[in-house]
Amino acid sequence: MTGKQLSLVDGEGHGTGRLVLVLKPMPTRVTADWMAQQWRDDKRIKKKLGSYPSMSLSKAREIFNRDFAERIQKGRSIKIAGDTRPGTVADLFEAYVAYLKAGGKPSWKEAEKGLNKIADTLGRNRPARDIEPDEITEIIRPIYERGKRSMADHVRSYIRSAFSWGLKSEHDYRTTAARRFRLVYNPAASIPTEPKTIGTRWLSEEEFVRLYRWLECPDTPVHPSYPRAIQIIMLTGQRVEEIARLHVDQWDARERIIDWTRTKNLQPHAVPVPSLAAELIESITPNKYGWFFPSAKDPSKPVSHGTLYSFIWRQRERGVIPHATNRDLRRTFKTLAGKAGVPKEIRDRIQNHALQDVSSKHYDRWNYMVEKRAGMAKWDKFVRAMLAKKRLKAAA
């Protein structure tokens with residue numbers, strides 16, 4: 001061919017739009033690209049579909065007719081045209097997990113694991129819009145009947161959240177999804193949730209000391225990370241997953257502050273720790289990856305909050321510690337720190353609870369570090385007195 005670009009037109013339609021194969025001579029070869037071509041406002045617009053021969057003529061025609069022909073007929077620009085096929089179940093779940101991950105949501109790994117199993121059951125390659133409520137019910141019912149009520153509710157929540165995101169993403173101008181899902185409703189929206197059991201359990205002073213002393217000297221072989229992590233949770237009142245992932249970069253030894261840039265409520269959080277907790281943290285040598293509480297299976301990762309929950313459950317079932325969950329320990333801090341004289345507002349700030357009043361959300365930018373230090377000092381004195389009192393009783 002000559003040194004000029006050559007366009008081979010497929011079919012009729014001059015003045016509107018057509019499929020075109022554009023041949024471009026290069027120094028060592030000739031490129032061939034399939035283009036959708038449109039005449040709009042007396043200007044020619046092109047958009048690439050693929051390259052020949054990797055994309056055949058029949059495939060190029062299929063894509064042109066599917067994604068561009070109707071748009072051209074309606075006078076819409078092909079510049080913003082895309083794949084018009086409804087996204088599959090796998091497309092929806094993968095895009096939703098990517099959205100969680102991009103937003104820094106720590107739940108993305110669990111959501112990915114759960115949705116992968118669900119996609120296998122529903123059918124990965126089925127259009128997401130074809131999923132019916134009874135199919136979701138049939139996935140959840142066997143889990144519920146096995147007595148795994150919390151897990152059943154989690155599965156329902158994963159599916160509902162993914163479809164809810166899919167409905168909104170259709171018209172979200174801030175993101176460009178690879179696929180549109182053409183959803184008309186959320187098939188999990190009408191499935192009732194498991195009634196929430198609101199916890200009220202907290203440890204008395206005697207129970208607090210009993211658990212703390214057992215963690216100091218367990219009566220059974222345990223990974224050393226686990227009891228120390230639980231002690232830090234008891235002493236600071238922080239969330240389990242945040243203490244589990246405590247990294248050397250988050251610990252300011254000079255100021256005795258744990259500083260998180262991202263937390264469960266996505267707000268930065270820095271908390272001064274009581275001296276008892278600071279001494280415990282400083283007694284721990286982080287591993288080579290910087291984790292204070294590394295996983296027993298993979299030291300390159302921190303221990304998971306699920307593992308810490310299981311650790312407590314196993315000891316609880318043996319009857320060697322008081323009946324409590326890790327969340328109960330957070331509630332215990334809230335309650336006993338109140339008894340120690342720490343004001344509720346400061347306890348809320350220490351525990352990074354979201355404050356919903358207008359002043360806190362939009363205007364107050366004071367970090368309350370002075371007040372949090374004073375509160376933690378009161379709590380530290382209270383805990384040391386508890387531990388000393390019970391030790392004296394035992395000696396007597």
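Quick note: residue numbers are just sequence positions, from 1. Every heavy atom of this structure was used, including side-chain atoms; hydrogens, water molecules and symmetry mates were not.
Using a 4.0 Å cut-off between a side-chain N of Lys or Arg and a carboxylate O of Asp or Glu, Glu110 and Lys113 do not qualify as a salt bridge. Under 4.0 Å is where a charged nitrogen must lie from a carboxylate oxygen, and between Glu135 and Arg126 at least one such pair does. Ion pairing of Arg141 with Glu138 is present here, as a side-chain N (NZ or NE/NH1/NH2) and a carboxylate O approach within less than 4.0 Å. Looking at Lys101 and Glu112, no side-chain N of the basic residue comes within less than 4.0 Å of a carboxylate O on the acidic one, giving no salt bridge. We find that Lys389 and Glu206 are not joined by a salt bridge, their nearest charged nitrogen and carboxylate oxygen being 4.0 Å or further apart. Between Arg156 and Asp153 a salt bridge is recorded (basic side-chain N to carboxylate O distance below 4.0 Å). Checked for salt-bridge contact, Lys344 and Asp348 meet the test: a charged N lies under 4.0 Å from a carboxylate O. For the pair Arg384 and Asp380, the salt-bridge criterion is met [side-chain N within less than 4.0 Å of a carboxylate O].
The main-chain N or O of Ile233 is never found under 3.5 Å from a side-chain atom of Arg330 such that the two would form a donor-acceptor pair. The backbone N or O of Leu387 lies less than 3.5 Å from a partner atom in the side chain of Arg213, making a donor-acceptor pair. Thr236 contributes a side-chain N or O that, together with a main-chain N or O of Ile232, makes up a donor-acceptor pair within less than 3.5 Å. Looking only at distances, no side-chain donor or acceptor of Gln37 sits under 3.5 Å from a matching main-chain atom of Val20. In this structure, the side chain of Thr332 engages the main chain of Leu203 through a donor-acceptor pair within 3.5 Å. The backbone N or O of Pro299 lies less than 3.5 Å from a partner atom in the side chain of Asn287, making a donor-acceptor pair. Of the possible donor and acceptor atoms, one in the side chain of Trp379 sits under 3.5 Å from a partner among the backbone N and O of Leu235. The backbone N or O of Pro25 sits nowhere less than 3.5 Å from a side-chain atom of Gln5 that would complete a donor-acceptor pair. A donor-acceptor contact shorter than 3.5 Å is absent between the side chain of Ser54 and the backbone of Gly50. No donor-acceptor pair under 3.5 Å is formed between the side chain of Arg349 and the backbone N or O of Lys372.
There is a side-chain donor-acceptor pair under 3.5 Å between Asn116 and Arg124. Side-chain polar atoms of His269 and Gln238 form a donor-acceptor pair below 3.5 angstrom. Checking Thr307 against Ser310 by side-chain atom types alone, no donor-acceptor pair falls below 3.5 Å. Counted by atom type alone, Thr325 and Asp328 present one or more donor-acceptor pairs between their side chains at under 3.5 Å.
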Subject >> Ser51 vs Asp33, side chain to side chain donor-acceptor pair (under 3.5 Å): CA-CA, chis, key distance, verdict >> reply: CA-CA 4 Å; Ser51 298; Asp33 295 320; 2.8 Å; yes
**OP:** In sequence, state the C-alpha distance, the side-chain angles, and the governing distance for Thr88 and Asp91, and then conclude on side chain to side chain donor-acceptor pair (under 3.5 Å).
**Re:** CA-CA 5 Å; Thr88 65; Asp91 291 330; 3.0 Å; yes
**OP:** Quick one: do Ser58 and Glu62 satisfy side-chain contact (heavy atoms from CB on, under 4.5 Å)? Show the steps, please.
**Re:** CA-CA 6 Å; Ser58 60; Glu62 177 189 335; over 6 Å; no
**OP:** Would you sort out whether Leu19 and Leu49 count as a side-chain contact (heavy atoms from CB on, under 4.5 Å), showing the intermediate values?
**Re:** CA-CA 9 Å; Leu19 175 65; Leu49 280 61; 4.0 Å; yes
**OP:** Would you sort out whether Arg318 and Arg314 count as a side-chain contact (heavy atoms from CB on, under 4.5 Å), showing the intermediate values?
**Re:** CA-CA 6 Å; Arg318 293 173 56 234; Arg314 286 193 298 271; 5.6 Å; no
**OP:** Show the numbers, then the answer: is there a side-chain contact (heavy atoms from CB on, under 4.5 Å) between Leu308 and Ile243?
**Re:** CA-CA 10 Å; Leu308 291 182; Ile243 293 300; 5.9 Å; no
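You'll find the side chain of Tyr212 reaches within 4.5 Å of the side chain of Gln231, heavy atoms only. Residues Gln315 and Trp214 form a side-chain contact, since some pair of their non-hydrogen atoms from C-beta on lies under 4.5 Å apart. Counting only heavy atoms from C-beta outward, the side chains of Val271 and Ile257 never approach each other to under 4.5 Å. Here the side chains of Phe292 and Leu280 are not in contact, with every heavy-atom distance at 4.5 Å or above. Taking 4.5 Å as the limit, some side-chain heavy atom of Pro272 sits within range of a side-chain heavy atom of Met369. With contacts defined as side-chain heavy-atom distances shorter than 4.5 Å, the pair Ile350/Arg347 does not qualify. Leu246 has its side chain within reach of Ile258: a pair of non-hydrogen atoms, C-beta onward, lies under 4.5 Å apart. The shortest side-chain heavy-atom distance between Tyr96 and Phe163 does not fall under the 4.5 Å cut-off.
Annotation: the span from Trp260 atom CH2 to Arg239 atom CZ amounts to 9.5 Å, rounded to 0.5 Å. A distance of 10.0 Å separates CG in Asp134 from CD1 in Ile131, rounded to the nearest 0.5 Å. A distance of 8.0 Å separates OH in Tyr158 from CG in Leu115, rounded to the nearest 0.5 Å. With rounding to the nearest 0.5 angstrom, the CD atom of Glu205 is 11.5 Å from the OG1 atom of Thr335. With rounding to the nearest 0.5 Å, the separation of OG in Ser283 from CZ in Arg228 is 6.0 Å. We find the OG1-NE2 distance between Thr193 and His154 to be 12.0 Å, quoted to the nearest 0.5 Å.
Clustering of Ile, Leu, Val, Met, Phe, Trp and Tyr by side-chain heavy atoms under 4.5 Å joins Tyr289 with Trp291.
Within a 6.0 Å sphere centred on NZ of Lys381, other residues, nucleotides and ligands contribute 12 heavy atoms or fewer. Heavy-atom neighbours of Met151 CE from other residues, nucleotides or ligands within 6.0 Å: at or below the threshold of 12. The environment of OH in Tyr309 is crowded: more than 12 heavy-atom neighbours from other residues, nucleotides or ligands sit within 6.0 Å. Applying the 6.0 Å contact sphere to NE2 of His223 captures more than 12 heavy atoms from other residues, nucleotides or ligands. Atom OH of Tyr226 has more than 12 neighbouring heavy atoms from other residues, nucleotides or ligands inside a 6.0 Å radius.
Residue Trp165 is not grouped with residue Tyr185 when hydrophobic side chains (ILVMFWY) are merged at heavy-atom distances under 4.5 angstrom, including chains of intermediate members. Residue Leu21 is grouped with residue Leu57 when hydrophobic side chains (ILVMFWY) are merged at heavy-atom distances under 4.5 angstrom, including chains of intermediate members. The hydrophobic clustering, which links ILVMFWY residues whose side-chain heavy atoms are closer than 4.5 Å, places Val222 and Phe293 together. Hydrophobic cluster membership differs between Ile136 and Tyr144, with clusters built from Ile, Leu, Val, Met, Phe, Trp and Tyr side chains linked at under 4.5 angstrom.
Aromatic ring centroids of Trp108 and Tyr99 lie 6.0 Å or more apart.
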